[in-house]
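For this chain, numbers begin at 1 and follow the sequence in order. What you see below is based on every heavy atom in this structure, not just the backbone, and it leaves out hydrogens, waters and symmetry mates.
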Amino acid sequence: METTSISELISWHRQTDDLIRQGSCTNPAFIKPYHLAVLAAKMNAATDRTVHMPKGDLEHYAARMHLWQVLGQEPPVLMNEYRETGRFQPLTSIQSDDDVSQIADQIIELFQPICTDDVTKYSIYSLVVEILGNCVAHAGGMESEPYGFVCGQVWKRARRAQIAVIDSGIGIRQTLECCGQYGDRLATENACTLATEYSVTSKAGNGHSGYGLTLARDLMMQNGGALHIPWTNGSPVAGWVGSTQAQSQISTCMVH
């Protein structure tokens, strides 16, 4: 299982646009959590949430991982639940700040079969809490709509994992632009990279120290992973992939 590349993320964002509009896309050769997180967010934001997915592995994986259930729909196919616990975190909506610790507890269970070191597991837990907390703190959206979606999977033999979180925020660049103090730097620097620096925050004095993404980046580096932060200008969807949007300009950085 290879680390997800930036080109794969961009390609899938574009393919899901086609899937939403036309009901067609290419089944990924190797399906990962980010495929479903992106698809869930786009289906949730679409005027018509009914998506006719091509028959095959993607549809089966999506049904097992609760894609339609999390959107309040009946799945088009009935699949057996994944019996082997500790390998999958089905798609889960992030509805409130109260969900953060509960979802983080579920995700850390994924790592029990491949990680016995409590320090490492605590680092992963802290990373997930920071990312989910950041989602709740910054994602907008209409009342009663979820802040975002999260899912994950562990590959035991490869000793690798992917956790994908996607939210309904306006995007990192626009968020930082709104606070007014990073204009000069945003004119020349990558907004995602800037957002992972210490003390960079769009909500100074509002309970946010600006260390959330920086801590997530540092914890990912310490554990040999990669943090992908894709965002879009003018899009209702932004996301994160740790080992992450709609149809606008896509800018992505990999912080590792």
Legend entry - Exam field: side chain Gln15 to backbone Thr26, donor-acceptor pair closer than 3.5 Å: yes

Inset, instruction - Taking Ser96 for its side chain and Asp98 for its backbone only, find out whether a donor-acceptor pair lies under 3.5 Å. - result: yes

Legend entry - side chain to side chain donor-acceptor pair (under 3.5 Å) against Asp18, all qualifying residues, sequence neighbours excluded: Arg21

Inset, instruction - Report yes if some heavy atom in the side chain of Asp167 is under 4.5 Å from a heavy atom in the side chain of Tyr147; otherwise report no. - result: no

Inset, instruction - Please list, chain by chain and in numerical order, all residues satisfying salt bridge (charged side-chain N to carboxylate O under 4.0 Å, His left out) with Arg185, sequence neighbours excluded. - result: Glu189, Glu197

Legend entry - Identified side chain to side chain contact (heavy atoms under 4.5 Å, CB included) partner of Phe111 from the options Ile124, Asp117, Thr120: Ile124

Inset, instruction - Compare all side-chain heavy atoms of His13 with those of Tyr34 and state whether any distance is below 4.5 angstrom. - result: no

Inset, instruction - Applying side-chain contact (heavy atoms from CB on, under 4.5 Å), run through Val154 and Arg160 and close with a yes or a no. - result: CA-CA 6 Å; Val154 164; Arg160 299 181 74 92; over 6 Å; no

Inset, instruction - Take atom CG of Asp57 as the centre, draw a 6.0 Å sphere, and report whether it contains more than 12 heavy atoms from other residues, nucleotides or ligands. - result: no

Legend entry - For the student: nearest non-hydrogen atoms of Ala37 and Ile166, plus distance: O-CG2, 3.1 Å

Legend entry - Value rounded to 0.5 Å, distance of CZ in Phe149 from NE2 in His66: 14.5 Å

Legend entry - Test side chain to side chain donor-acceptor pair (under 3.5 Å) applied to Ser7 - qualifying residues, sequence neighbours left out: Ser5

Inset, instruction - Find out whether Pro146 and Asn44 are in side-chain contact, i.e. whether some heavy atom of one side chain is under 4.5 Å from a heavy atom of the other. - result: yes

Legend entry - Asp118: partners by salt bridge (charged side-chain N to carboxylate O under 4.0 Å, His left out), with sequence neighbours left out: Lys121

Inset, instruction - Answer whether the closest heavy-atom distance between the side chains of Gln106 and Glu109 falls below 4.5 Å. - result: no

Legend entry - Close side-chain approach of Met65 and Cys151, heavy atoms under 4.5 Å: yes

Legend entry - Sequence-distant partners of Asp99, side chain to side chain donor-acceptor pair (under 3.5 Å), two or more places apart: none

Legend entry - Interatomic spacing from CD in Gln69 to OG1 in Thr92 - rounded to 0.5 Å: 11.0 Å

Inset, instruction - Decide yes or no for Val165 and Ile94: does some side-chain heavy atom of the first lie under 4.5 Å from some side-chain heavy atom of the second? - result: yes

Inset, instruction - Start with the C-alpha gap between Thr4 and Leu9, add the side-chain angles, then the distance that decides, and say whether side-chain contact (heavy atoms from CB on, under 4.5 Å) holds. - result: CA-CA 7 Å; Thr4 300; Leu9 285 170; 4.1 Å; yes

Inset, instruction - For residues Ala40 and Leu71, report the shortest heavy-atom separation together with the two atoms involved. - result: O-CD2, 3.9 Å

Legend entry - Among Arg87, Gln162, Gln89, the one residue meeting side chain to side chain contact (heavy atoms under 4.5 Å, CB included) with Gln153: Arg87

Legend entry - Heavy-atom donor-acceptor pair, Trp68 side chain to Gln73 backbone, under 3.5 Å: no

Legend entry - Considering all heavy atoms, the nearest Val70-Ser93 contact: CG2-N, 3.6 Å

Inset, instruction - Find the distance between CE (Met53) and CG (Leu39) and round it off to the nearest 0.5 Å. - result: 4.5 Å

Legend entry - All salt bridge (charged side-chain N to carboxylate O under 4.0 Å, His left out) counterparts of Glu8, not counting sequence neighbours: none

Inset, instruction - Working to the nearest 0.5 Å, report the span between NZ of Lys42 and OG1 of Thr16. - result: 3.0 Å

Inset, instruction - Find out whether Ile108 and Val128 are in side-chain contact, i.e. whether some heavy atom of one side chain is under 4.5 Å from a heavy atom of the other. - result: no

Legend entry - Atom pair CH2/CG of Trp12 and Leu36 - distance to nearest 0.5 Å: 8.0 Å

Inset, instruction - Using a 4.5 Å cut-off on heavy atoms from C-beta on, say whether the side chain of Cys25 contacts that of Leu58. - result: yes

Legend entry - Plane angle bin for Trp155 and Phe30 - parallel if under 30°, tilted between 30 and 60°, otherwise perpendicular: tilted

